[in-house]
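A quick write-up on the structure given underneath.
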There are 2 protein chains.
Amino acid sequence: MDKKTKKKLEAAGWEVGDAQNFLELSDAEAAFIDMKLALAEDLRALRLERRLNQTQVARIVGSSQSRVAKMEAADPSVSIDLLIKSLLKLGAAREDVAGAVARQS
Amino acid sequence: MDKKTKKKLEAAGWEVGDAQNFLELSDAEAAFIDMKLALAEDLRALRLERRLNQTQVARIVGSSQSRVAKMEAADPSVSIDLLIKSLLKLGAAREDVAGAVARQS
DNA sequence: GGAACCTATGTCATATTCGACATATACTAG
DNA sequence: CTAGTATATGTCGAATATGACATAGGTTCC
């Protein structure tokens, strides 16, 4: 299994090691998870660009270091709402967010 | 107050008629609400394009008529996650979703 | 009139997401 | 080895979002 596929399954809340269920990812579900991964990648990229650590980002967006780590990992417990709000608070433009939404991760 | 401004405030969970707090909408908050409105508009547009009623959409996306109505109204109780999932299940492409995200509502 | 259809709004019990905290892991410098 | 710094992971109570249901409003047709 390649690295990206593994990431996607984990983002979907699956233990990788599970055998079956591969085909239960509908197109809509797959696209949704992929969007989340792209947004998470952008969040990390934006943070690094700004030379901030996760604790500083947490302060800016009103959250905690651990949640920022989970955002960047596209953890199943983080919503797209939270990712978008965080990106915007870090200064991303709507077009940037749209770029991630459209981009195949 | 124009119609769009009123809609935005309501989407943010405010009673229009409230006097103050006008300036507490940060840029990030305003952009977020606007995205939600754009997604909601697209959901309704897509439904009408497909000539479906809200009950049919509810069946397709796995929800209820009342929630679909709230989605289309960009009700404060609906998340962007739900809007995006619903759009995708109705057959929208990622680019379509990205279009709404970028579009000033 | 009222029956049939569609959409809007209010409420509720359950489910999911949240910030926070503790703790683990990893890397660097002294 | 230890201390300092950064990121990852697990858990929790509180907050928010969810589908479902009831019901209200609105339109069209007879």
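We name chains A, B, ... by the order of the sequence lines, and we start the count at 1 in each one.
Less than 4.0 Å separates DNA chain C from at least one heavy atom of each of the following residues of residues 54-77 of chain A: A:Gly62, A:Ser63, A:Ser64, A:Ser66, A:Arg67, A:Lys70, A:Pro76, A:Ser77.
When the P atom of C:dT17 is taken as reference, atom NZ of A:Lys85 falls 13 Å away, rounded to whole Å. Look at CZ on B:Arg51: it is 18 Å from C1' on C:dC5, rounded to the nearest Å. Rounded to whole Å, the distance from CG on B:Leu43 to C1' on C:dT7 is 14 Å.
Using a 4.0 Å cutoff to heavy atoms of chain A, the contacted part of DNA chain D runs 5' to 3' from D:dA6 to D:dT11.
Heavy-atom distances to DNA chain C give each of B:Arg47 and A:Leu82 a nearest nucleotide, and the one nearer the 5′ end belongs to B:Arg47.
For B:Asp75, the side-chain contact (heavy atoms from CB on, under 4.5 Å) partners two or more places apart in sequence, or in a different chain, are B:Lys70, B:Ser77, B:Val78. B:Ala11 is linked by a side-chain contact (heavy atoms from CB on, under 4.5 Å) to B:Ile33, B:Leu37, B:Ala74, counting only residues two or more places apart in sequence or in another chain. Taking the side-chain contact (heavy atoms from CB on, under 4.5 Å) definition, one finds that A:Ala73 meets it with nothing, sequence neighbours left out. Scored by the side-chain hydrogen bond (donor to acceptor under 3.5 Å, both in side chains) test, B:Glu72 finds B:Arg44, B:Arg47, B:Gln54 as partners (sequence neighbours excluded). With sequence neighbours excluded, the residues satisfying side-chain contact (heavy atoms from CB on, under 4.5 Å) with B:Arg59 are B:Thr55. For A:Ser64, the side-chain hydrogen bond (donor to acceptor under 3.5 Å, both in side chains) criterion is met by A:Ser66, not counting sequence neighbours.
Between A:Met71 and A:Ser63, the shortest heavy-atom distance links the atoms CE-OG, 4.3 Å.
Applying the side chain to side chain donor-acceptor pair (under 3.5 Å) test to residues at least two apart or on different chains, the pairs with a partner in residues 90-101 of chain B are A:Asp34-B:Arg94.
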